[in-house]
Amino acid sequence: MTELERCRPWIEAALEYSGGTHLYQDIVDAVTEGRMQLWPAPRGCAVTEIVLYPRKKVLHVFLAAGEMDQLFDGIDDATKWAKGQGCTALTLAGRLGWQRVLRPLGFVPTLVTMERNI
């Protein structure tokens with residue numbers, strides 16, 4: 001069993017909050033092709049992608065699910081890897097509850113994303 005397969009339940013659970021932008025197979029394809037990165041933990045996982053803006057390169061946490069302590073344990077490794085890739089920041093989009101738990105780790109809210117189906 002691959003790490004992607006083992007993490008499938010967490011990935012699918014997180015995708016429930018993605019607004020229908022991706023399916024599990026889309027994540028598999030992106031990780032396999034190197035467009036996204038899987039950060040597995042024993043009881044959770046995160047998926048990131050590098051976003052290149054005209055004047056900034058960031059590692060964006062696309063999704064995360066599982067036990068909270070497992071997710072936090074991987075932040076240092078992801079940060080070190082991101083710096084090696086030339087990234088100057090980490091970003092994430094998620095439910096408002098993430099603000100409370102990520103504030104102690106140095107994350108501050110910068111934008112709010114809202115959506116309306118048309």
Below 4.5 Å, heavy atoms only, C-beta onward: do L92 and F107 meet side chain to side chain?
-> yes

Minimum heavy-atom separation for A89 to K56, with atom names?
-> CB-CE, 3.9 Å

Mind listing the closest non-hydrogen atom pair of L38 and P40 along with its distance?
-> O-CD, 3.3 Å

Is the NZ atom of K57 crowded by more than 12 outside heavy atoms at less than 6.0 Å?
-> yes

Sequence neighbours excluded, which residues qualify as side-chain hydrogen bond (donor to acceptor under 3.5 Å, both in side chains) partners of D29?
-> Q25

Of all heavy-atom pairs linking C45 and W10, the shortest is SG-CB, 3.9 Å

Indicate yes or no: at least one non-hydrogen side-chain atom of L63 is less than 4.5 angstrom from one of L15.
-> yes

Measuring from C87:SG to L52:CG, what's the distance to the nearest 0.5 Å?
-> 9.0 Å

Pairing residues for R8 by the side-chain hydrogen bond (donor to acceptor under 3.5 Å, both in side chains) criterion, not counting sequence neighbours = E12

Over all atoms of both residues, closest heavy-atom pair of P42 and R6 | O-NH1, 3.3 Å

Stepwise side chain to side chain contact (heavy atoms under 4.5 Å, CB included) test for Y53 and V58 = CA-CA 8 Å; Y53 297 103; V58 302; 3.7 Å; yes

Which pair of heavy atoms, one from F62 and one from E49, lies closest together, and at what distance?
-> CD1-OE2, 4.0 Å

Could you state whether L105 and V61 fall into the same hydrophobic cluster, counting links through intermediate Ile, Leu, Val, Met, Phe, Trp or Tyr residues with side-chain heavy atoms under 4.5 angstrom apart?
-> yes

Would you say the side-chain atoms of D77 pair up with the backbone N or O of G74, donor to acceptor, closer than 3.5 Å?
-> no

M68 side chain near V101 side chain, heavy-atom distance below 4.5 Å = yes

Test item: M36 and I27 side chains (from C-beta on) under 4.5 Å apart, heavy atoms = yes

Quick one: are L90 and T79 in side-chain contact, heavy atoms under 4.5 Å?
-> yes

Sub-4.5 Å side-chain heavy-atom contact between V108 and L102 = no

Report the residues that fulfil salt bridge (charged side-chain N to carboxylate O under 4.0 Å, His left out) with E5, sequence neighbours left out, ordered by chain and then residue number.
-> none

Work out which heavy atom in Y24 is nearest to a heavy atom in L4; give both atom names and the distance.
-> OH-O, 3.1 Å

Using a 4.5 Å cut-off on heavy atoms from C-beta on, say whether the side chain of I50 contacts that of Q85.
-> yes

